[in-house]
Protein chains: 2
Amino acid sequence: MKYTIKDIAKMAGVSPSTVSKILNNYHDIGEDTKKAVLEVMEKTGYRPSYSAKALATKKSNIIGVIYAGKINADFNHPFFVDVINAFKKNIGEFGYDLLFFSNEKFASSKGDYLSRCRHYQIDGCIIINGDDIEASIDELDHSEIPCIGVDLPLSGKTSGYVTTDNYQVSAKVVEHFYLLGCREIAYIAGNPKSVVSNLRTEGLERAMQKFGIPFREEWVVHGDYFEESGYEAMKKLLSHGEVPQALFAASDLMALGAIRAIKEEGLRIPEDIAVVGCDDIDAARLVDPPLSTVKQDKEKIGKLAAYMLRDLMDKRTDSCSILVEPELIVRQSCGAKSRDGSNRVPVRQTGP
Amino acid sequence: MKYTIKDIAKMAGVSPSTVSKILNNYHDIGEDTKKAVLEVMEKTGYRPSYSAKALATKKSNIIGVIYAGKINADFNHPFFVDVINAFKKNIGEFGYDLLFFSNEKFASSKGDYLSRCRHYQIDGCIIINGDDIEASIDELDHSEIPCIGVDLPLSGKTSGYVTTDNYQVSAKVVEHFYLLGCREIAYIAGNPKSVVSNLRTEGLERAMQKFGIPFREEWVVHGDYFEESGYEAMKKLLSHGEVPQALFAASDLMALGAIRAIKEEGLRIPEDIAVVGCDDIDAARLVDPPLSTVKQDKEKIGKLAAYMLRDLMDKRTDSCSILVEPELIVRQSCGAKSRDGSNRVPVRQTGP
DNA sequence: CTGAAAGCGCTTACAG
DNA sequence: CTGAAAGCGCTTACAG
């Protein structure tokens, strides 16, 4: 049996308006009336209709989740899945549910995000960055609907974004290598069309400059984030005849591919080449040698996104943006730790 | 500017009823009228209000996604994330969006899934199985709302479920070991409270019986699916003094933990102990030796769930259930393939 | 402190 | 083939 606000009103001997006010925590309600109504609600297990409320208030308590642009995989993206997870948890505590747009049905009008948000009367959006962002994201960004970008700089008046400080990602690695005495650093970058990837390359270049390490173009090669491309990239790097002291790969998978190539050449890790990856995937700690890597604070990113979006929706803040510090996870592949886990004193000689 | 059905009607010189009929593809509409209205819609970029429609029709075009019971992680569960991904893709093509319930806000009434589904006028549900299922799942299962369980047998008149054939999971491993000449098979099981885990244990027992292999209680030990528990379990197994010819672990992570323990004892894989895991996580193909494993067909499970739910919602079918075949992925850890990838003739002697 | 009434934007018999 | 009217279940000024 499904009850409406009218039923409850009748059963409690009051008007629907009164019930509505109790539902919405108005304070000018008599104690006795309130108690009586609450009792009826309890007894009947009454639950207000969501769509009726949404229709009347033009508010939905629903947050839209958009995977913008081309993205390798929606849910099973190793980075975003954790971010969304943390986001869901935190925004859930504010009473919002999450609506994932299906792109398939509306393939033609897929881009028309604003219309779709209005259609559902979405209260706010979280937009996950892929490659080749559609133009209509811009439209949404600059609409009246609050949006938070993840790894995607938004500029609308009711928008904000959270990103890992991608400069720091490479800067931390460079610093670490520097302190270990490595000056010849090779780099396997990601897709040169990706904003994130380019920020990291830039960060690497700057950090090396800062430490007075020469940045050599021929030691930068691009992959596609997957293992095979890391293998190929490393083969190419080694084909020059020179062996770099250290390697930074923009993804753990590429780092693992590179390690395979290095081993095939009969070189040792970290003795001949120190390796650091990026992402901290599960496999990183399970392979041999355990892979040092840079980890993004996905929990914090998701949580910040939730809090920022809430503030935006409540009009407590204007557009805002935050950079989150990445963390360097030191395992054995970079040579800073010996197999038994103790710290090792850097013994390398600098320069050729 | 937001248009309503009234605006469109006025601009096209017809009644709202007519517009509504065009929106809903009624066939008794004059060609000219239709064309005129469509034109206005196009020009204005009109999008009907979702909540108004939902209120009037009591249909939402939204599918609820419920993670029932305690589950280690919602989105980043290695198995379910792929299932949901495939589900989303397929159900999206039927025009449905996905609503993920936030459990946090409603912690007290968390269990009251039925109310919440009615509240949103959810058209159907997909329910993901965790441990210790709440009683209210049962209520939902037996309600008028169509539900599909994943790894969760539902019994309602408008419910169905899809599961991997968990008997086959262990049966395939046993058969494989048998053909390699292994008769002494140890097993690291999962949580003894988990239905799935118990089905697999049962399947193992039966299959071994079928092949005339003795099932020894002392060679079954339980873990919690994570790496450390696999390590501990293997230590325990080896502490008996006897070394099994083969090991099946109910998760890849436990298999990797076990491999660590085996290596520590100075034993070789697969020469001394052949190992097969379960899940086919990324790390499985990246470790040394690459881990043989059993893979569930997550794509198919997600797709079937979508099709079955659609049929249930359209009342094209009654309750239904499907078992999906698992697949054995042969790599090097089980001894069937040599390092160079060629097949190896089983050379083991049977028995002690 | 409480209630009558209009309105949110659709759909759906029903009449013509 | 088209339209007038009632209804879906809430909220919100407004009056008292």
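Letters A, B, ... are given to chains in the order of the sequence lines, protein chains preceding strands, and every chain is numbered from 1. Only a predicted model underlies this, so the values are computations on that prediction, with no experimental measurement involved. Heavy atoms only: backbone and side chains are in, while hydrogens, waters and symmetry mates are out.
- For A:A52 and B:E31, each mapped to the nucleotide of DNA chain D holding its nearest heavy atom, the one lying further toward the 5' end belongs to B:E31.
- Taking atom CG of residue A:D32 and atom P of nucleotide C:dC1, one finds them 11 Å apart after rounding to whole Å.
- The one candidate from B:I84, B:I127, B:N129 that meets the side-chain contact (heavy atoms from CB on, under 4.5 Å) condition with B:Y67 is B:I84.
- For the pair A:Y3 OH and D:dG9 C1', the interatomic distance rounds to 16 Å; values are reported in whole Å.
- By the ring pair (Phe, Tyr, Trp, His ring centres under 6.0 Å) test, B:Y307 pairs with B:F94, sequence neighbours left out.
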Donor-acceptor contacts, no H, no angles, side chain residues 16-27 of chain B, under 3.5 Å, sequence neighbours left out:
{"unit_1": "B:T18", "atom_1": "OG1", "unit_2": "B:S15", "atom_2": "OG", "d": "3.2"}
{"unit_1": "B:N24", "atom_1": "OD1", "unit_2": "B:K53", "atom_2": "NZ", "d": "3.3"}
{"unit_1": "B:N24", "atom_1": "ND2", "unit_2": "B:S20", "atom_2": "O", "d": "2.8"}

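- Judged by closest nucleotide on DNA chain C, A:K34 is the one of B:K53 and A:K34 placed further toward the 5' end.
- In this structure, A:Q121 atom CD and D:dC10 atom P are separated by 16 Å, rounded to whole Å.
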Secondary structure string for DNA chain D (Watson-Crick or G-U under 3.5 angstrom, | for other-strand pairs): |||.||||||||.|||

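- Regarding contacts with the backbone of D:dG9, a side-chain N or O of B:K58 is found under 4.0 angstrom from either OP1 or OP2.
- Within a 6.0 Å sphere centred on NZ of A:K6, other residues, nucleotides and ligands contribute 12 heavy atoms or fewer.
- Residue contacts for A:S51: at a heavy-atom cut-off of 4.0 Å it reaches no nucleic acid atom on any strand shown.
- Residue A:S15 places at least one side-chain N or O under 4.0 Å from the OP1 or OP2 atom of C:dG3.
- Residue A:D314 qualifies as enclosed at atom CG: its count of foreign heavy atoms under 6.0 Å is above 12.
- With a 4.5 Å cut-off on side-chain heavy atoms, A:V40 and A:Y46 do not count as touching.
- Looking at heavy atoms from C-beta onward, A:I91 lies out of side-chain contact with A:I126 at the 4.5 angstrom threshold.
- Atom CD1 of A:I5 is separated from atom P of D:dC10 by 5 Å (rounded to the nearest Å).
- Between the CG atom of B:L140 and the SG atom of B:C125 there is a distance of 5.0 Å, given to the nearest 0.5 Å.
- Across all strands, A:I29 comes closer than 4.0 Å only to sugar-phosphate atoms, never to a base (heavy-atom distances).
- Distance, B:D7 CG to C:dC10 P: 9 Å, rounded to whole Å.
- The phosphate of C:dC8 has neither OP1 nor OP2 within less than 4.0 Å of any side-chain N or O from B:Y50.
- Every pair passing side chain to side chain donor-acceptor pair (under 3.5 Å) that includes a residue from residues 142-152 of chain A is listed here, sequence neighbours excluded: A:R118-A:E144, A:H142-A:S155.
- Rounding to whole angstrom units, NZ of residue B:K6 and C1' of C:dC8 are separated by 10 Å.
- Per the geometry, NZ belonging to A:K10 stands 16 Å off C1' belonging to D:dC10, to the nearest Å.
- Partners of B:S49 according to the side-chain hydrogen bond (donor to acceptor under 3.5 Å, both in side chains) rule, which considers only residues two or more places apart in sequence or in another chain, do not exist here.
- Remark: C1' of D:dC10 and NZ of A:K59 are 15 Å apart, rounded to the nearest angstrom.
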Polar pairs (N or O, both sides) under 3.5 Å between protein and nucleotides 12-16 of chain D?
{"unit_1": "D:dT12", "atom_1": "OP2", "unit_2": "A:Y26", "atom_2": "OH", "d": "3.1"}
{"unit_1": "D:dT12", "atom_1": "O4", "unit_2": "A:S17", "atom_2": "OG", "d": "3.4"}

